[in-house]
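For reference, the structure is listed below as structure tokens.
None of these values were measured; they are calculated from a predicted model. Values reported hereafter were calculated over all heavy atoms of this structure, with side chains retained and with hydrogens, waters and symmetry mates removed.
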Amino acid sequence: MSFEIVEATIPEIQAALEAGEITSQQLVLMYLERIADHDKNGLTINSVLEINPDALFIAESLDVERSLQGPRGPMHGIPVLVKDNINTGDKMHTSAGSLALANSFAVEDAFIVTQLRAAGAIIMGKANMTEFANFMTNGMPSGFSSRGGQVLNPYNISSPTGGSSAGSAVAVACNFCTVSVGTETSGSILNPGNLGSVIGIKPTVGMISRSGILPLSNTQDTAGPMARTVHDAVLLLNAMLGKDSSDAAMGTSVGRLHEDYTVFLDENGLKGARIGIPRDYYFEELTEEQLALFNASVELMRAQGAIIIDPADIRTAREISYSSVVLNEFKISLNAYLSRLGPGAPMRTLRDIIDFNHTRPMETLKYGQVTLMDAEYATSGTLTDPQYLRDRATDLKLCKEQGIDAVMKEHNLDALLFPADFGARITSRAGYPSIVVPSGYTAAGAPFGVTFSAQAYQEPLLIKLAYAFEQHSKVRKAPSLQSFI
């Protein structure tokens, strides 16, 4: 077979499928062979937690359907990995990387999984993740879970993967799947996307259904696509869309969504765009090499016609501090999720999980569970805690109204540009969208990206900017999977 799977895009795969050069079943087999060679052997990248036992049957049935009726659309027969906190009502578990939920089966698909299956996508398996979306304890390395072990960064195994969608990002970077689905509360798509040299779209909270996803924060959680190209990420985003009446946040999207976001893929999308740079937003954390990569990206955008406002500082940036919002929301959200798993579910409450971990400390408590215990014992589980109520209001004021909204109005901006995933610290609390795009590599080979952020439901604009930057930079390269510095 002459088809080259490494860095193959969805349009390229579809062309090969239509020409009969490859079948979806063969495509799945090629990915499984790469997983066997590099994820579970060789370098043991460890990004894939579980394979769908029916993946090959599903692929073959979609091949038959293609031959008889034609493809359903761009995602027909495309293998997708989903993060292990996203329900699949099949033979796979949904565990959020924990041993406590290692034997937990969801009753039904998450809404977005239903949408993906309807679009013809093959749910090939589950991606490893930082256990409980990195909300289990302090000091746990990103990409580690007690069920799945440690995900490695394919560009340098001594570097972090970022979290918590580590497996989703790394599997895409290594070409273990075509595209993947991650989730984010605060940086969990953008961070591993930046460190894994892949595209990550963190949508506006309310754009994508959250139903059937093991939660962290009711006000900040969202799923989003991860891919090697902006085009592929947008195709996956299209397939995840759909009105879910059971998700209250989706009411904010009425009249603000588009049926097809590929129409915004414009290689001239930077021309005339007003992009602000919050130079006072913790840029001191960048190394000189990272700052040089960022500044070079800015100059590229300027050369493509972008109007750069530098600085465009967020006046409230240094006022934003610890918030108790996620800690308080985790307990009530998780307990609600567990209650819907059905009568045979092994865990019914957060306390059950804590107690289970105490019974198997050598396996489950390598880094402890202090955050789980804080959520259980230091919050009421009713969202009536005075500090929570104050912090929620403060987050919206400092991050949204007096933060992003204010700076964008002051300078008449279309978007903000952050180095790496820095913007997640403020955009997450506002519920605003972002896209991270690879922008280069350090001398040691570590990936570095830039993040475009904007106000609610400005995904069309962000897609234009991200796509134009990608097309004119063309920096992404696949990891060798052979040697590291």
Side-chain angles (χ1 to χ4, degrees), residues 10 28 31-32 35 39 46-55 58-59 75 77-98 101-102 104-133 143 145 147-148 151 163-174 176-185 188-189 192-193 196 198-203 208-216 221-228 232-233 235-242 244 337:
I10 291 175
V28 170
Y31 283 128
L32 294 180
I35 291 168
D39 199 62
N46 211 28
S47 63
V48 182
L49 187 60
E50 189 167 355
I51 293 295
N52 186 347
D54 289 331
I58 295 168
M75 290 300 297
I78 300 297
V80 179
L81 287 177
V82 299
K83 190 175 176 179
D84 186 44
N85 59 349
I86 300 172
N87 286 353
T88 55
D90 50 22
K91 298 172 184 176
M92 291 186 289
H93 305 86
T94 304
S95 71
S98 69
L101 295 174
S104 180
F105 291 94
V107 175
E108 60 185 5
D109 284 342
F111 184 91
I112 59 171
V113 173
T114 298
Q115 296 299 100
L116 289 172
R117 292 194 204 271
I122 302 165
I123 308 301
M124 192 174 71
K126 294 290 183 76
N128 199 0
M129 60 180 285
T130 315
E131 188 165 349
F132 284 116
S145 69
R147 182 181 173 213
V151 182
S164 62
S165 302
S168 298
V170 167
V172 166
C174 293
F176 296 152
C177 59
T178 311
V179 288
S180 69
V181 181
T183 67
E184 172 155 334
T185 304
S188 291
I189 289 174
V198 297
I199 309 297
I201 300 180
K202 184 268 182 184
I208 299 291
S209 169
R210 302 167 299 166
S211 298
I213 300 176
L214 192 146
L216 185 52
D221 287 353
T222 183
M226 308 196 81
R228 291 180 292 274
D232 281 3
L235 289 173
L236 182 57
L237 179 70
N238 280 345
M240 294 165 66
L241 294 173
D244 176 11
Y337 167 88

Study note, to complete from the structure: Rounding to 0.5 Å, atoms OH (Tyr31) and CG (Asp39) come to a distance of 14.0 Å

Review point. Would you call Val80 and Thr178 a side-chain contact if the rule is heavy atoms closer than 4.5 Å?
Key: no

**Study point:** Rounded distance (nearest 0.5 Å) linking atom OG of Ser95 with atom CZ of Phe105
**Key:** 10.5 Å

Exercise for review: Just do the side chain to side chain donor-acceptor pair (under 3.5 Å) check on Arg147 and Ser98 with the steps written out, would you?
Suggested key: CA-CA 5 Å; Arg147 182 181 173 213; Ser98 69; over 6 Å; no

Review point. Got Val113 and Asn87 here, is their nearest side-chain heavy-atom distance under 4.5 Å?
Key: no

Review point. Are any non-hydrogen side-chain atoms of Ile122 and Ile78 less than 4.5 angstrom apart?
Key: no

Check your understanding: Shortest non-hydrogen contact from Ala171 to Leu81?
Key -> CB-CD1, 3.5 Å

Review point. Quick one: which of Lys91, Met92, Met124 gives a side chain to side chain contact (heavy atoms under 4.5 Å, CB included) with Glu50?
Key: Met92

Exercise for review: For the pair Thr94 and Leu101, evaluate side chain to side chain contact (heavy atoms under 4.5 Å, CB included) and give the outcome as yes or no after the intermediate values.
Suggested key: CA-CA 7 Å; Thr94 304; Leu101 295 174; over 6 Å; no

Practice item. List in chain and number order the residues that pass ring-ring contact (aromatic ring centres under 6.0 Å, His included) with Tyr337, two or more places apart in sequence or in another chain; answer none if no residue qualifies. Key: none

Review point. Within the side chain of Thr88, is there an N or O that forms a donor-acceptor pair under 3.5 Å with the backbone of Asp90?
Key: no

Study note, to complete from the structure: Smallest heavy-atom separation, Leu49 atom then Gly148 atom, equals CD1-CA, 3.4 Å

Exercise for review: Run the numbers on Ser164 and Ser188 for side chain to side chain donor-acceptor pair (under 3.5 Å), then give the verdict.
Suggested key: CA-CA 5 Å; Ser164 62; Ser188 291; 3.3 Å; yes

Review point. Is a side-chain N or O of Asn85 found less than 3.5 angstrom from the main chain of Pro215, in a donor-acceptor match?
Key: no

Check your understanding: Do Phe132 and Leu214 come within less than 4.5 Å of each other through their side chains, counting heavy atoms only?
Key -> yes

Exercise for review: Name all residues meeting the side-chain hydrogen bond (donor to acceptor under 3.5 Å, both in side chains) criterion together with Ser180; count only those two or more places apart in sequence or in a different chain, and write none if there are none.
Suggested key: none

Review point. Do Ile199 and Met226 come within less than 4.5 Å of each other through their side chains, counting heavy atoms only?
Key: no

Check your understanding: Between Pro203 and Gly224, what is the shortest heavy-atom contact and its length?
Key -> CD-CA, 4.0 Å

Point to revise | Criterion side chain to side chain contact (heavy atoms under 4.5 Å, CB included) on Val179 and Ile10, from CA distance to verdict | key: CA-CA 9 Å; Val179 288; Ile10 291 175; 4.1 Å; yes

Practice item. Locate the shortest heavy-atom distance separating Ala233 from Ala227; write the atom from each residue and the value. Key: N-CB, 3.5 Å

Exercise for review: Scan residues 105-116 for pairs that pass side chain to side chain donor-acceptor pair (under 3.5 Å), counting only residues two or more places apart or in two chains.
Suggested key: Asp109-Arg117

Point to revise | Distance-only polar pair, side chains of Ser47 and Asn128, donor-acceptor under 3.5 Å | key: no

**Study point:** Under 3.5 Å donor-acceptor, Asp84 side chain and Gly97 backbone
**Key:** yes

**Study point:** Polar side-chain atom of Lys202 near backbone of Pro225 as donor-acceptor pair, under 3.5 Å
**Key:** no

Exercise for review: Test Leu236 against Met75 for side chain to side chain contact (heavy atoms under 4.5 Å, CB included), laying out the working first.
Suggested key: CA-CA 7 Å; Leu236 182 57; Met75 290 300 297; 3.9 Å; yes

Review point. Is there a side-chain contact between Ile213 and Ile112, using heavy atoms and a 4.5 Å cut-off?
Key: yes

Review point. Between Cys177 and Pro79, what is the shortest heavy-atom contact and its length?
Key: CB-O, 4.2 Å

Point to revise | Donor-acceptor pair, side chain of Asn52 and main chain of Gly125, under 3.5 angstrom | key: no

Point to revise | Donor-acceptor contact present, side-chain Ser165 to main-chain Gly182, <3.5 Å | key: no

Check your understanding: Thinking salt bridges, do Lys83 and Glu184 make one under a 4.0 Å N-O criterion?
Key -> no

Check your understanding: Taking the side chain from Arg210 and the backbone from Ala223, do they hold a donor-acceptor pair closer than 3.5 Å?
Key -> no

Exercise for review: Evaluate the side chain to side chain contact (heavy atoms under 4.5 Å, CB included) criterion for residues Asp221 and Thr183: first the C-alpha distance (whole Å), next the side-chain angles of each, then the deciding distance (0.1 Å), finally the verdict.
Suggested key: CA-CA 7 Å; Asp221 287 353; Thr183 67; over 6 Å; no

Study note, to complete from the structure: Scanning both residues in full, the closest heavy-atom pair of Ala119 with Ala239 reads CB-CB, 3.9 Å

Check your understanding: Between Val172 and Ser168, is any pair of side-chain heavy atoms under 4.5 Å apart?
Key -> no

**Study point:** Test item: Ile35 and Ile51 side chains (from C-beta on) under 4.5 Å apart, heavy atoms
**Key:** yes

